[in-house]
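Report on one structure; see the data block that follows.
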Number of protein chains: 2
Amino acid sequence: MTVEPIANPRKTPRQARAEATVEAIEQAAARILVQGGIEALNTNRIAEVAGVSVGSLYQYFPNKTAIMGALIRRKRARLLDGLRAAVASDAPPNTHMRRLILAFIHHQTGWPQLAQALDRAEVFLPLDEETRRFEAEILSILLPPVTAFGPDDPALAARDIMALCRGMVEAALLRGETDAEAICARLLPAITGYLKASSA
Amino acid sequence: MTVEPIANPRKTPRQARAEATVEAIEQAAARILVQGGIEALNTNRIAEVAGVSVGSLYQYFPNKTAIMGALIRRKRARLLDGLRAAVASDAPPNTHMRRLILAFIHHQTGWPQLAQALDRAEVFLPLDEETRRFEAEILSILLPPVTAFGPDDPALAARDIMALCRGMVEAALLRGETDAEAICARLLPAITGYLKASSA
DNA sequence: CCAAAATACGAGCCTTTGCTCACATATTGC
DNA sequence: GCAATATGTGAGCAAAGGCTCGTATTTTGG
């Protein structure tokens with residue numbers, strides 16, 4: 001797996017069937033990732049599962065990495081949408097925090113194995129610049145509600161809370177828990193405890 | 001990468017130089033994992049970096065997976081030692097918690113990238129039975145101090161705390177933080193918050 | 001209709017990589 | 001010293017997998 005610049009579509013689909021092909025490829029990649037992890041993901045198999053030929057695959061993706069890249073971009077976009085929606089309305093910071101956490105849980109719940117497989121895959125990809133923008137975006141969403149609690153270092157607090165949530169949620173979902181409210185109910189006191197202590 | 005039964009040394013070294021060879025192989029694998037991740041780990045390269053021949057490598061490890069297995073076993077043993085030491089002496093549960101967290105942080109700090117690479121690698125390995133025993137062991141260490149705080153479901157609390165710590169510590173170390181005390185100081189209130197809320 | 005553009009195909013090239021095997025060297029016990 | 005045993009070597013096999021390229025088919029615009 002060569003680590004190259006980045007990975008944008010080689011050719012953008014202009015006809016409807018081309019878009020269907022691209023869609024099929026991404027779906028196939030997702031299915032394979034879920035079932036067999038990164039080690040099971042290879043371009044021949046993707047093409048086979050998608051019901052297209054390798055040639056078609058390489059008409060829209062310059063390399064294997066680009067396919068994972070596309071999946072990751074989708075996942076990120078979905079998460080950002082969820083988080084933005086959570087803080088869209090007017091509400092006290094407490095409520096916003098709660099909604100943010102629930103949004104995060106639901107995001108991972110949708111397809112927990114895919115989410116995890118992608119999380120793990122991200123490390124391999126050189127999406128540096130894009131990743132930085134993505135994380136900045138997340139931070140900018142978390143910052144207002146977190147700041148409302150008055151921690152000394154809001155940015156650090158936001159990052160810590162994000163990491164802490166990710167850890168607990170991933171573990172809970174992998175264990176087979178399905179009740180988002182229950183997970184949220186355990187997470188919130190931890191976050192509150194953190195925030196109370198971090199304001200001088 | 002074939003997912004096979006398990007992975008014990010094919011031949012146990014009887015002479016000193018043989019042990020040195022095994023050691024060199026494991027060290028090399030660790031170095032490669034740190035520098036290039038799992039994708040860079042292949043048996044030819046391991047042998048090259050270790051300064052031995054592939055043949056020698058396969059005299060002591062039945063397959064590539066077994067090498068990662070050995071590294072993971074080491075890491076786990078080190079973590080268990082650290083945790084056991086943390087709760088060895090008589091002390092109030094508060095102190096024990098603090099020491100446990102510091103032990104965990106130091107464990108990951110030793111070689112954070114290796115720790116992470118191995119964490120990710122674990123998913124690929126079929127160490128199921130061993131993994132279960134390992135997790136049970138960890139739980140048995142955490143349970144006494146956690147129970148002292150009187151949560152409704154001590155086992156769940158212990159698991160949650162573990163996951164939450166892992167998340168925050170990993171993120172902090174990856175960000176480049178080095179002050180274990182500082183990380184611990186932010187983690188403790190979160191844990192306390194969690195525990196306070198989870199006791200009826 | 002028809003030519004040009006877009007899309008689809010898949011055999012197969014070429015590299016990577018896990019691993020073996022026939023053989024060489026070192027160590028040990030007697 | 002001399003087997004017997006343990007250890008070390010590395011060319012190279014076989015399989016897997018990333019990716020190309022010449023060709024076939026479909027769609028589109030006029």
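Note that the structure is predicted; figures quoted are calculated from it, not measured. Sequence lines set the chain letters: A, B, ... in the order given, protein chains first and strands last, and positions in each chain run from 1.
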Carboxylate-amine/guanidinium proximity below 4.0 Å for B:Glu170 and A:Arg166: no
Can you check each nucleotide of nucleotides 21-30 of chain C against protein heavy atoms at under 4.0 Å and return B for base, S for sugar-phosphate only, - for none, in 5' to 3' order? -----SS---
Please list, one pair per line, the donor and acceptor atoms closer than 3.5 Å that link side chains of residues 146-165 of chain B to other protein atoms, with sequence neighbours excluded.
residue	atom	partner	partner atom	Å
B:Thr147	OG1	B:Leu143	O	2.6
B:Asp152	OD1	B:Ala200	N	3.3
B:Asp153	OD1	B:Ala155	N	3.4
B:Asp153	OD1	B:Leu156	N	3.1
B:Asp160	OD1	A:Arg186	NH2	3.0
B:Asp160	OD2	A:Arg186	NE	2.4
B:Asp160	OD2	A:Arg186	NH2	3.1
B:Asp160	OD2	B:Tyr194	OH	2.5

Nearest 0.5 Å, please: how far is CG in A:Leu142 from NE2 in A:His96? 12.0 Å
Could you tell me the separation between the CD1 atom of A:Ile32 and the P atom of D:dG18, rounded to a whole number of Å? 10 Å
Rounded to whole angstrom units, what separation is found between the CG atom of A:Asn63 and the C1' atom of C:dT15? 16 Å
With a 4.0 Å cut-off on N to O distance, would you call A:Glu26 and A:Arg74 a salt bridge? yes
Please report the C-alpha distance between A:Arg78 and A:Asp81 in whole Å, then the side-chain angles of each, then the deciding distance to 0.1 Å, and finally whether the salt bridge (Lys or Arg N to Asp or Glu O under 4.0 Å) criterion is met. CA-CA 5 Å; A:Arg78 254 190 47 212; A:Asp81 283 351; over 6 Å; no
Using 4.0 Å as the upper bound for N to carboxylate O, is an ion pair formed by A:Glu129 and A:Arg132? yes
Is there a side-chain contact between B:Ser53 and the phosphate of D:dG8, meaning an N or O under 4.0 Å from OP1 or OP2? no
Considering just the side-chain nitrogens and oxygens of A:Thr21, establish if one lies under 4.0 Å of OP1 or OP2 belonging to C:dT7. no
Contacting residues from residues 40-48 of chain B, given that a heavy atom lies under 4.0 angstrom of DNA chain D: none
